[in-house]
Asks: 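Handing you this structure, nothing more for now.
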Amino acid sequence: MDLKFKVLKKSNKNMARLGEFTTKWGVSKTPMFMPVGTQATVKTLNPEELKSAHANVVLSNTYHLWLRPGEDIVKDSGGLHEFMNYKNGPILTDSGGFQVFSLAKKEDIKEEGVRFKSHIDGTELFLSPEKSIEIQNKLGADIIMSFDECPPYPATYEYMENSIERTLRWAIRGKKVHNNKEQALFGIVQGGEFEELRKRSAIETVKIGFDGYSIGGAAVGETKEVQYKEVEYATKYLPEDKVRYLMGVGDPIDIIEGVKRGVDIFDCVAPTRIARHGNAHTRHGKINLRNSKYKRDFTPLEDNCDCYACSNFTKAYIRHLLISEEVLGQRLLSIHNIRFLTKLVEDIRENIESDTLEEFGEEFKRKYYEEGKE
RNA sequence: GCGGUAUUGGUGAAGUGAUUAACACGCCAGAUUGUGGCUCUGGUAUGCGUGGGUUUGAUUCCCACAUACCGCC
């Protein structure tokens with residue numbers, strides 16, 4: 001399915017662009033941030049809470065849903081939107097590549113696919129590009145991903161070269177079996193830290209032809225500088241008229257830097273994971289609500305935040321919930337952190353419109369890093 | 001009043017005549033980037049009820065005292 005992506009405005013100073021794409025759920029604005037709902041749920045949150053946090057696209061996961069409850073059950077329920085009753089916007093499913101490669105041994109990655117053991121019960125499993133697309137066709141997300149290899153960092157040039165070539169062959173195989181015309185299929189650019197390989201991977205993936213392009217294998221342990229370079233190496237060779245998605249990146253600063261380099265979509269488990277572990281993003285840096293200094297702090301997580309948590313509760317109360325292991329604490333922080341990032345991309349969109357993204361980025365970074373230090 | 005047993009950090013506790021007093025919980029911090037895991041990693045008793053004594057050396061042995069519990073008058 002063509003996403004009918006439109007670039008509405010391009011910066012004169014960098015590669016940032018303001019855009020939108022359309023699905024049956026309506027118009028989605030870019031740059032955007034997608035919260036992650038691995039097992040057909042953004043952990044601790046219901047669809048209404050996601051809506052209140054301004055979430056639009058939600059990401060779910062092929063590997064997990066394949067194992068539990070199984071793609072046929074999701075299909076028979078009416079598809080992923082019906083199954084999880086998510087009607088606020090599109091759903092994207094990851095191919096399972098990332099999970100599989102964290103479970104598989106290097107020697108179990110073969111041309112045909114990957115052999116590995118279930119994290120649930122140790123059952124031996126096999127996932128191939130065809131199988132991944134077949135499962136995703138049944139799950140019924142609006143956007144699905146090619147099955148790629150996400151190599152660890154650091155990897156040698158030779159390993160990475162073989163890996164991107166195999167990922168390209170897998171992309172072709174996946175595209176060939178993709179038969180759900182309601183779904184957009186994205187290709188994935190790999191290549192690690194190597195400019196030549198990122199370039200080749202991008203050009204060749206574009207030749208195959210996809211509805212959008214992802215940059216994978218970033219934020220796997222490399223420095224920020226390397227990560228930003230990797231993004232640049234890829235976006236330079238991606239077509240202007242297709243959506244670009246930087247997989248797994250969700251640090252606020254990294255989002256700003258990614259947008260400046262031409263990225264439209266981001267996803268990350270971080271906002272919800274750090275929330276469950278007691279942390280909140282604020283414009284003045286990340287804070288750990290479990291710290292004793294918040295014991296008697298009767299102010300919201302953040303002034304002028306319109307999220308449900310900040311509108312109704314104090315840091316002292318949220319800290320009490322976390323220390324007492326009450327799940328409401330995790331929910332409130334999850335709502336806040338998602339809203340923090342959806343607000344960040346809203347601000348980014350406004351600043352692309354006025355072509356002031358560089359200034360906005362510097363100011364944001366200064367507050368986030370420096371003021372947070374005290 | 002007489003006898004017995006016990007006394008180790010915020011808590012529950014292990015332990016030894018002599019390098020850094022185990023472990024758990026709690027507490028205090030940190031991590032977290034296409035989420036198996038409300039997870040992981042650190043820190044947290046300059047002292048073993050108090051006062052004496054024996055000893056090269058005592059939290060560990062002895063004595064007294066204090067406190068607690070259990071018996072008996």
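Please read all numbers here as calculations on a predicted model, not as lab measurements. So that the names make sense, note that chain A is the first sequence line, chain B the second, and so on, each numbered from 1. Just so it is clear, the values below take in all heavy atoms, side chains as well, and ignore hydrogens, waters and symmetry mates.
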Asks: With a 4.0 Å cut-off on heavy atoms, is A/Asp94 in touch with a base, just the backbone sugar-phosphate, or nothing at all?
Replies: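 Since a base atom lies under 4.0 Å of A/Asp94, the category is base.
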Asks: Does A/Lys286 contact B/U32 through a side-chain donor or acceptor facing the base, at a distance under 3.5 Å?
Replies: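 Result: no qualifying N/O pair found.
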Asks: Just call it for A/Leu92: base, sugar-phosphate, or nothing, with non-hydrogen atoms closer than 4.0 Å on any strand.
Replies: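 Answer is nothing: A/Leu92 stays at 4.0 Å or more from every strand.
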Asks: Please list residues of residues 15-47 of chain A whose heavy atoms come under 4.0 Å from any atom in RNA chain B, ordered by number; otherwise none.
Replies: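 Result for residues 15-47 of chain A: A/Val36, A/Thr38, A/Lys43, sorted by number.
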Asks: Applying a 4.0 Å non-hydrogen cut-off, can you work out what A/Glu222 is touching in the nucleic acid: base, sugar-phosphate, or nothing?
Replies: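 A/Glu222: no heavy atom of the nucleic acid under 4.0 Å.
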Asks: Can you tell me how the ring of A/Phe364 sits relative to the ring of A/Tyr368, calling it parallel under 30°, perpendicular over 60° and tilted otherwise?
Replies: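 Ring orientation of A/Phe364 relative to A/Tyr368: parallel.
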Asks: Does A/Gly96 reach a base, just sugar-phosphate, or nothing at all? Heavy atoms under 4.0 Å.
Replies: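 Here A/Gly96 touches no strand at all.
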Asks: Nearest 0.5 Å, what's the CD1-OG1 distance between A/Ile188 and A/Thr167?
Replies: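 Here the rounded value is 8.0 Å.
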Asks: For A/Tyr245, which of A/Val57, A/Ile215, A/Leu92 qualifies under side-chain contact (heavy atoms from CB on, under 4.5 Å)?
Replies: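 Filter result, single survivor: A/Leu92.
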Asks: When you look for runs of 3 or more Watson-Crick or G-U pairs in a row, both distances below 3.5 Å, which of them include RNA chain B?
Replies: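 Listed by first number, the stems are B:1-7 with B:66-72, B:10-12 with B:23-25, B:26-31 with B:39-44, B:49-53 with B:61-65.
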Asks: Quick one: which residue pairs count as a ring-ring contact (aromatic ring centres under 6.0 Å, His included) with a foot in residues 322-358 of chain A, not counting sequence neighbours?
Replies: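 As it turns out, the ring-ring contact (aromatic ring centres under 6.0 Å, His included) pairs with a partner in residues 322-358 of chain A, which skip direct neighbours, are A/His281-A/Phe340.
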Asks: Strictly below 4.0 Å: does A/Asn279 bring a side-chain N or O up to OP1 or OP2 of B/U32?
Replies: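 A/Asn279 to B/U32 OP1/OP2: no side-chain N or O under 4.0 Å.
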Asks: With a 4.0 Å cut-off on heavy atoms, is A/Thr272 in touch with a base, just the backbone sugar-phosphate, or nothing at all?
Replies: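 The residue A/Thr272 makes base contact.
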Asks: Report the residue (A/Gly278 or A/Gln99) whose heavy-atom-nearest nucleotide on RNA chain B is the more 5′ of the two.
Replies: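 Final value for this comparison: A/Gly278.
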Asks: Indicate, with a heavy-atom threshold strictly under 4.0 Å, whether A/Lys117 touches base, sugar-phosphate, or nothing.
Replies: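 Nothing: the residue A/Lys117, judged by heavy atoms under 4.0 Å, touches no strand.
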Asks: Using a strict heavy-atom distance below 4.0 Å, which residues from residues 241-257 of chain A are in contact with RNA chain B?
Replies: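 Here the set is A/Met247, A/Gly248, A/Val249, A/Gly250, A/Asp251, A/Asp254.
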Asks: Hey, can you pull the residues of residues 192-203 of chain A with a non-hydrogen atom under 4.0 angstrom from RNA chain B?
Replies: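 Nothing qualifies; none.
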Asks: I'd like to know if the side chain of A/Asn288 pairs up with that of A/Tyr294 as donor and acceptor (distance under 3.5 Å, no hydrogens or angles considered).
Replies: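 A/Asn288 vs A/Tyr294: no donor-acceptor pair found between side chains.
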Asks: Pairs in or reaching into residues 7-57 of chain A: which pass ring-ring contact (aromatic ring centres under 6.0 Å, His included), with residues at least two apart or in two chains?
Replies: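 Non-adjacent pairs meeting ring-ring contact (aromatic ring centres under 6.0 Å, His included): A/Trp25-A/His81.
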Asks: Between A/Lys106 and A/Tyr159, is NZ or CZ placed under 6.0 angstrom from the six-membered ring centre and within 45° of the ring axis?
Replies: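 Judged by the rule, A/Lys106 and A/Tyr159 form a cation-pi pair.
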Asks: For nucleotides 24-28 of chain B, list the nitrogen or oxygen atoms of the protein found under 3.5 Å from its nitrogen or oxygen atoms, one pair per line.
Replies:
| from | atom 1 | to | atom 2 | distance (Å) |
| --- | --- | --- | --- | --- |
| B/C28 | OP1 | A/Arg319 | NH2 | 3.0 |
| B/C28 | O3' | A/Ser292 | OG | 3.4 |

Asks: Do A/Tyr308 and A/Glu49 have side-chain heavy atoms sitting under 4.5 Å apart?
Replies: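 No, every pair of side-chain atoms sits at 4.5 Å or beyond.
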Asks: Quick test: give all pairs of protein nitrogen or oxygen and nucleotides 39-44 of chain B nitrogen or oxygen below 3.5 Å, distance rounded to 0.1 Å.
Replies:
none

Asks: If you take any heavy atom closer than 4.0 Å to RNA chain B, which residues from residues 138-160 of chain A end up in contact?
Replies: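 Here the set is A/Asp148, A/Cys150.
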Asks: Can you list the residues that meet the ring-ring contact (aromatic ring centres under 6.0 Å, His included) rule with A/Phe98, with sequence neighbours excluded?
Replies: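 A/Phe98: no ring-ring contact (aromatic ring centres under 6.0 Å, His included) contacts found.
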Asks: Please determine, for the side chain of A/Gln227, which listed nucleotide (B/U32, B/G34, B/U33) has the closest atom?
Replies: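 Looking only at heavy atoms from C-beta outward on A/Gln227, the closest nucleotide is B/U33.
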Asks: Which pairs pass ring-ring contact (aromatic ring centres under 6.0 Å, His included) with one or both residues in residues 102-140 of chain A, sequence neighbours excluded?
Replies: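 For residues 102-140 of chain A: A/Tyr63-A/Phe116, A/Tyr63-A/His119, A/His64-A/His119.
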Asks: Which parts of residues 59-73 of chain A get close to RNA chain B, meaning a heavy atom less than 4.0 angstrom away?
Replies: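 Within this stretch, A/Leu59, A/Asn61, A/His64 sit under 4.0 Å of the strand.
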Asks: Just checking, any donor-acceptor pair under 3.5 angstrom between side chains of A/Thr93 and A/Gln136?
Replies: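 Looking only at side-chain atoms, A/Gln136 and A/Thr93 do form a donor-acceptor pair, the distance falling under 3.5 Å.
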Asks: Can you confirm whether the side chains of A/Asn351 and A/Thr356 place a donor and an acceptor under 3.5 Å from each other?
Replies: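 Yes, A/Thr356 and A/Asn351 have a side-chain donor paired with an acceptor closer than 3.5 Å.
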